[in-house]
Amino acid sequence: MPRATRLTIAAALAAFLSSTVAAGAAECGGDLATFLAGVKAEAAAAGASPSAIDAALAGAQIDQKVLSRDRAQGVFKQTFQEFSKRTVSQARLDIGRQKMQQYAEVFGRAESEFGVPAGVIAAFWAMETDFGAVQGDFNTRNALVTLSHDCRRPELFRPQLMALITMVEHGDVDPATNTGAWAGEIGQVQMLPKDIVAFGIDGDGDGHVNVKKSSPDAILTAAKFIEHLGFKRGEPWIQEITVPDNLPWEKTGFDSGLTAADWFALGVKPRDGNTQFGALHASIVLPQGRKGPAFLTYPNFGIYLEWNQSFIYTTSAAYFATRLMGAEPYIKGNPEQGLSDDQMKALQTKLQGLGYDVGKIDGILGAGTRTAIQKEQQRLGIPADGWPTPALLSAL
């Protein structure tokens, strides 16, 4: 499953940094044996046993395929409708509901203890690994050694390598055989080692946290992590809506400053008719402009952005969770024609020339590009829904 790397939660990782991340933790590059000697010394100073350190790092080597993936990360260029149609399939919905029934007791515990509904966890479970079927085939130890040794982002990966040593000491992973994603994520919901150590739960009572092979462990560990990201018990995360033609489109997008009740007063209508959360802050997201699907996002949507910063992934995952909880398929509408990759790059170049910070000219409709589009649409008297069209490109 292509997705943005979970390193987007760098702030969460930074919060965990402690004495295990000393000045030596910034060391990278050079001879691999020398590098590993430094890792061993740091782990020993942090209290890891010599046997665990040796077991975790024995046979470690640089994986060039990991470096290739890191240098060429793909970002979503599909539209929301294209991506969600593929990921939120009927087959996945059927399997997800079957899994929710099969592990009803575990999901019940997850909601009781952490306030996270079954659909939220099951949607991540589906999108990350197809319910554990596709977990990645990169050796986790080698992936983390490679990315820690590489000098591009060692401050992010070396703490993960230290956490892996902790997992080895606990007997939760076999470093020689454990596989996962290229960036070190492990298990059925693809979590990084530090998060597994910090939030891991032994859901099946075998004395270990094995998020790779044990579905109960994966479900409960994910629930505790999602709670940590800020999920509020009993509150919604996303809700499909219909919107009037005269909506103040410039107020759409994240950080609107409005409540759900404010939007309802402007003519926005929830498809499910539920307006009980009117007091909550809410934003309208229009993945393909005002003529396509429309959603109201609530504060709990923030956990999706912490999990993965891709707008298309997060909106799809949040929508998927509502479907598993009984929501109807979204109204497709009739979105205006978007731009090709070359056209998007041309638009970004024009916006950059006008003084906007759109980041890299990559053809990706990211947050900076959307914000710039809205401002230019408003200036030109075009409905400011943040959706790039050929007409906008021509007008600029």
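Asp94 and Gln98 share no side-chain donor-acceptor pair at under 3.5 Å. Neither side chain, Asp54 nor Ser51, offers a donor N or O lying under 3.5 Å from an acceptor on the other. If you check the side chains of Thr140 and Asn178, you find a donor sitting under 3.5 Å from an acceptor. A donor and an acceptor atom, one from each side chain of Ser49 and Glu169, are located under 3.5 Å apart.
One finds the CD atom of Glu227 at 9.5 Å from the NZ atom of Lys232 (value rounded to the nearest 0.5 Å). In this structure, CD1 in Ile95 is found 10.5 Å from CH2 in Trp125, a value given to the nearest 0.5 Å. Between the CE atom in Met127 and the CZ atom in Arg86 there is a gap of 8.5 Å [rounded to 0.5 Å]. Atom NZ of residue Lys251 and atom CD of residue Gln378 lie 9.0 Å apart, to the nearest 0.5 angstrom. With values rounded to the nearest 0.5 angstrom, Ile165 atom CD1 is found 6.0 Å from Ile53 atom CD1.
Looking only at distances, a side-chain donor or acceptor of Gln160 sits under 3.5 Å from a matching main-chain atom of Lys194. Without hydrogens or angle criteria, Gln188 side chain to Lys212 main chain gives a donor-acceptor distance under 3.5 Å. A distance-only check finds a donor-acceptor pair linking the side chain of Arg233 to the backbone of Ser112 [under 3.5 Å]. Side-chain atoms of Gln377 come within 3.5 Å of backbone N or O of Trp387 as a donor-acceptor pair. Side chain of Gln374 to backbone of Ala384: a donor-acceptor contact under 3.5 angstrom is found. No side-chain donor-acceptor contact under 3.5 Å links Asp217 to the backbone of Val211. Distance alone, capped at 3.5 Å, places no donor-acceptor pair between the Trp249 side chain and the Pro383 backbone. Here the side chain of Thr179 pairs no donor or acceptor atom with the backbone of Gln135 at under 3.5 angstrom. Asp63 places no side-chain N or O within 3.5 Å of a backbone atom of Ala143 that could act as its donor or acceptor partner. Looking only at distances, a side-chain donor or acceptor of Asp262 sits under 3.5 Å from a matching main-chain atom of Thr259.
Note: Phe277 and Tyr298 have perpendicular aromatic rings, judged against thresholds of 30 and 60 degrees for the angle between ring planes. Taking the six-membered ring where tryptophan is involved, the planes of Phe311 and Phe254 are perpendicular, since the angle between them exceeds 60° and thus also 30°.
Checked against Gln239 for a side-chain hydrogen bond (donor to acceptor under 3.5 Å, both in side chains), the options Asn274, Thr275, Asp272 give a single hit: Asp272. Partner of Phe124 under the ring-ring contact (aromatic ring centres under 6.0 Å, His included) criterion, out of Phe320, Phe225, Tyr304: Tyr304 alone.
For Lys224, the NZ atom is densely surrounded, since the number of other residues' heavy atoms within 6.0 Å is greater than 12. No more than 12 heavy-atom neighbours from other residues, nucleotides or ligands sit within 6.0 angstrom of CG on Asp357. Around CD of Gln337, the count of heavy atoms belonging to other residues, nucleotides or ligands within 6.0 Å does not exceed 12. More than 12 heavy-atom neighbours from other residues, nucleotides or ligands sit within 6.0 angstrom of NZ on Lys350. Around the CD atom of Gln90, the shell of radius 6.0 Å holds more than 12 heavy atoms that belong to other residues, nucleotides or ligands.
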Evaluate ring pair (Phe, Tyr, Trp, His ring centres under 6.0 Å) for Phe295 paired with Phe80, printing each intermediate quantity in order. CA-CA 12 Å; Phe295 300 94; Phe80 169 72; 5.7 Å; yes

Are Val88 and Leu93 close enough, and set up right, to give a side chain to side chain contact (heavy atoms under 4.5 Å, CB included), and what steps lead you there? CA-CA 7 Å; Val88 190; Leu93 287 166; 4.3 Å; yes

For Met344 and Thr369, run side chain to side chain contact (heavy atoms under 4.5 Å, CB included): C-alpha distance rounded to whole Å, both residues' side-chain angles, the deciding distance at 0.1 Å, then the answer. CA-CA 10 Å; Met344 270 298 302; Thr369 302; 4.1 Å; yes

Would Leu296 and Phe264 satisfy side chain to side chain contact (heavy atoms under 4.5 Å, CB included), going step by step from the backbone distance to the final call? CA-CA 10 Å; Leu296 203 60; Phe264 299 152; 3.9 Å; yes

Run Met100 and Met325 through side chain to side chain contact (heavy atoms under 4.5 Å, CB included) and show every step you take. CA-CA 10 Å; Met100 288 164 61; Met325 303 296 287; 4.3 Å; yes

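With salt bridges taken as basic N to acidic carboxylate O contacts below 4.0 Å, one links Glu376 and Arg379. A salt bridge links Arg71 to Asp150: at least one charged side-chain nitrogen sits closer than 4.0 Å to a carboxylate oxygen. A salt bridge links Glu42 with Arg158: the distance from a Lys NZ or Arg NE/NH1/NH2 to an Asp or Glu carboxylate oxygen falls below 4.0 Å. A salt bridge links Arg290 with Glu336: the distance from a Lys NZ or Arg NE/NH1/NH2 to an Asp or Glu carboxylate oxygen falls below 4.0 Å.
No side-chain heavy atom of Val120 sits under 4.5 Å from any side-chain heavy atom of Asn300. Inter-residue side-chain proximity for Trp307 and Glu128 is flagged as met; some heavy-atom pair is nearer than 4.5 Å. When side chains are defined from C-beta on, Ile312 does not count as touching Gln78, because their heavy atoms never get closer than 4.5 Å. In this structure, Asp172 and Val197 have side chains that are not in contact, with every pair of non-hydrogen atoms separated by 4.5 Å or more. Phe231 is listed as a side-chain neighbour of Pro117, based on a closest heavy-atom distance under 4.5 Å. Using a 4.5 Å heavy-atom cutoff, the side chains of Leu380 and Leu392 are in contact. When side chains are defined from C-beta on, Phe138 counts as touching Lys65, because their heavy atoms get closer than 4.5 Å. Taking the side chain as every heavy atom from C-beta outward, Leu161 and Val145 approach each other to under 4.5 Å.
Annotation for Gly184 and Pro193: closest pair O-CD, 3.5 Å, computed over non-hydrogen atoms. Pairing each heavy atom of Asp341 with each of Asp362, the nearest pair is OD1-O, 3.9 Å. When every heavy atom of Phe35 is checked against every heavy atom of Gly29, the shortest pair comes out as CB-O, 4.3 Å. Residue Asp195 comes nearest to Met191 through the heavy atom pair CB-CE, 3.8 Å, listed as atom of the first residue, atom of the second, then distance. Residue Ser84 comes nearest to Ser316 through the heavy atom pair CB-OG, 3.7 Å, listed as atom of the first residue, atom of the second, then distance. Here the closest non-hydrogen pair linking Ala294 and Val243 is CB-CG1, 4.1 Å.
A ring-centre distance under 6.0 Å is not found for Phe114 and Phe199.
Partners of Glu240 under the salt bridge (Lys or Arg N to Asp or Glu O under 4.0 Å) rule, at least two apart in sequence or in another chain, are Arg271. With sequence neighbours excluded, no residue forms a side chain to side chain donor-acceptor pair (under 3.5 Å) with Asp255. By the ring-ring contact (aromatic ring centres under 6.0 Å, His included) test, Tyr319 pairs with Tyr330, sequence neighbours left out.
Cluster annotation: Leu365 is connected to Leu393 through the hydrophobic network of ILVMFWY side chains, with a link wherever side-chain heavy atoms come within less than 4.5 Å.
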